[in-house]
Amino acid sequence: MTVRTLQGFMELLPEEQIVMNKMKAVIAHTYELFGFAPIDTPVLELADVLLSKSGGDTEKQIYEFQKGDNHLAMRFDLTVPLAKYVALYHNNLTFPFKRYQIGKVYRGERPQKGRFREFYQCDIDIIDRDELSIVYDAEVLAVIYTVFNKLELPAFKIYINNRKILSGFLESLEIADKTVDVLRLVDKIKKIPEAAFLGELGDMGLPEEKNKELLNFIKINGSNQEIIAKLEDLNISNENFQNGLEELKTVISQAQNLGINSDNIQIDLSITRGLDYYTGTVYETFFDDYPQFGSVCSGGRYDNLSSVFMDKKFPGVGISIGLTRLFDQLRDNNLLKFGGLTPNKALVITQSPEFADKAIHLIGQLRQNDIPADVMLRDCKFKKKMEYANKIKIPYLIIIGEDEAANNNYTLKNMTTGEQSRVTLEELIKLVK
RNA sequence: GCGGAUUUAGCUCAGUUGGUUAGAGCGCUGGUUUGUGGUACCAGAUGUCGUGAGUUCGAGUCUCAUAAUCCGCCCCA
């Protein structure tokens with residue numbers, strides 16, 4: 001048999017996995033900093049539950065199978081499981097409910113650059129009953145902003161828009177019946193030439209004049225304040241449009257109020273998101289110098305999370321970071337710093353096997369002091385032990401030999417600087433910690 | 001679901017018009033007289049040339065089939 005890992009599934013060596021896990025930890029920590037509570041849901045659900053909300057392509061991409069009498073499926077995102085979760089436990093939850101979830105999701109699509117069949121999504125959502133304050137739309141921005149800053153990634157921008165603005169505009173043009181198709185096309189405007197854009201609108205049976213108006217509309221650019229001013233100057237009386245505009249203004253001003261650098265947020269009227277359940281604010285995040293990564297974090301506001309599962313209304317807003325893709329692209333572009341093959345901070349080596357007891361005792365002491373440490377027990381030349389220490393990139397090396405044993409102390413070597421000194425146990429713990 | 005490309009050592013790849021025992025760099029193992037790594041030098045191991053069939057005196061090289069992988073489109077993180 002041939003041994004291989006399935007295509008579209010990421011598998012890492014320890015050096016990379018350590019960095020991946022650190023990123024995950026930074027994301028989780030930041031989510032908690034903003035008061036989001038962790039939840040976890042099963043990878044498998046009843047197929048009916050997962051497919052209830054989907055339309056079109058989701059069904060083709062979902063992994064599903066029969067086990068006994070149960071028709072099961074693997075989750076393809078964390079939002080539908082959340083909808084189920086809220087429907088099940090809303091009487092036990094306190095609203096507004098802020099939750100985060102970091103987990104793997106599964107999509108049986110064709111793998112290619114930046115596309116995996118199994119990947120981590122790092123989701124946050126804020127859910128409330130009946131009404132959800134628009135301020136949370138700004139808070140979501142603050143979370144993305146903080147996470148990306150803490151991850152020390154390249155310069156990024158969060159592009160935002162409000163779907164009500166575009167759908168209201170379409171209503172004012174009296175072409176609202178084509179909204180879904182038009183939004184999907186608008187989403188592609190950066191990828192296709194303007195002529196093709198107009199051509200496709202024409203193919204939908206829309207009149208040329210309105211298509212040009214639409215193109216000019218989504219091309220409105222400038223600073224956030226300039227775009228808002230231009231939108232106001234259009235004097236469109238459509239209610240949807242005006243509501244969207246007001247929401248967008250609030251989100252921008254509250255984002256500033258939350259301390260976000262305004263350079264990192266850009267209104268872009270062509271951002272619509274493909275998924276149809278978004279109803280207000282929508283987000284996409286790109287790196288300024290790496291647009292080919294695609295959106296590494298996106299999401300938006302939806303009117304009713306659990307509509308398919310229950311009658312009650314639960315509006316929410318949320319985003320998701322595609323961690324697997326993010327990691328993959330950063331690694332391919334040498335944007336990650338890899339530290340070493342081990343989480344250990346210290347490695348103990350001995351001059352000869354007779355000092356093994358001392359070494360083993362020492363790592364016990366270090367571990368009790370919360371210092372991850374190990375001893376090299378393989379009986380080999382001293383030089384080999386040094387090479388091993390070097391290869392795993394251990395920060396601190398501790399040497400025990402005749403002299404150290406006689407004086408009841410240790411040689412501590414900083415492997416980065418090469419400096420070494422003779423220290424007592426107490427000094428050693430202090431220095432390494 | 002549609003289209004394009006690739007497949008030779010652990011990795012990245014070379015292999016001229018088909019011609020004996022298939023190569024390089026990196027990595028790996030060992031050594032340069034045994035209490036000090038990263039550099040340098042020396043030595044060594046590793047391939048059913050994706051798989052199956054065909055053409056040929058002879059195939060890594062040509063033909064066909066098949067599989068896997070990668071890249072676009074669709075959709076999306």
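Residue numbers start from 1 in every chain, and the chains themselves are labelled A, B, ... in the order their sequence lines are given, proteins ahead of strands.
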Task: Sequence-aligned protein contact record of nucleotides 29-41 of chain B, with B where the base is within under 4.0 Å of a protein heavy atom and S where only the sugar-phosphate is - done: SSSB--BBBB---

- [ ] Would you mind checking if A/Arg331 and A/Asp328 are paired as a salt bridge, meaning a charged N to carboxylate O distance below 4.0 Å?
- [x] yes

Task: N or O in side chain of A/Gln112 less than 4.0 angstrom from B/C71 OP1/OP2 - done: no

Task: Electrostatic pair A/Lys430:A/Glu427 at N-O distance under 4.0 angstrom - done: no

TODO: Might you work through the side-chain contact (heavy atoms from CB on, under 4.5 Å) test for A/Leu153 and A/Leu326, ending with a clear yes or no?
DONE: CA-CA 10 Å; A/Leu153 300 178; A/Leu326 179 61; 4.2 Å; yes

- [ ] Report the residues that fulfil side chain to side chain donor-acceptor pair (under 3.5 Å) with A/Thr411, sequence neighbours left out, ordered by chain and then residue number.
- [x] A/Glu404, A/Arg422

Open item on the list: Does the Lys NZ or Arg CZ of A/Lys98 fall within the cation-pi geometry relative to A/Phe36 - under 6.0 Å from the ring centre and within 45° of the axis?
Closed with: yes

Task: B/A24 - base-pair partner by Watson-Crick or wobble geometry, distances under 3.5 Å - done: B/U12

Open item on the list: Go nucleotide by nucleotide along RNA chain B from the 5' end; which of A/Arg110 and A/Ser298 gets its closest nucleotide reached first?
Closed with: A/Arg110

TODO: For B/U46 versus B/U7, give the span between their P atoms, rounded off to a whole number of Å.
DONE: 25 Å

TODO: Give, ordered by number, those residues of residues 20-36 of chain A having at least one heavy-atom distance below 4.0 Å to an atom of RNA chain B; if nothing qualifies, reply none.
DONE: none

Task: Counterpart base for B/U33, defined by Watson-Crick or G-U wobble contacts under 3.5 Å - done: none

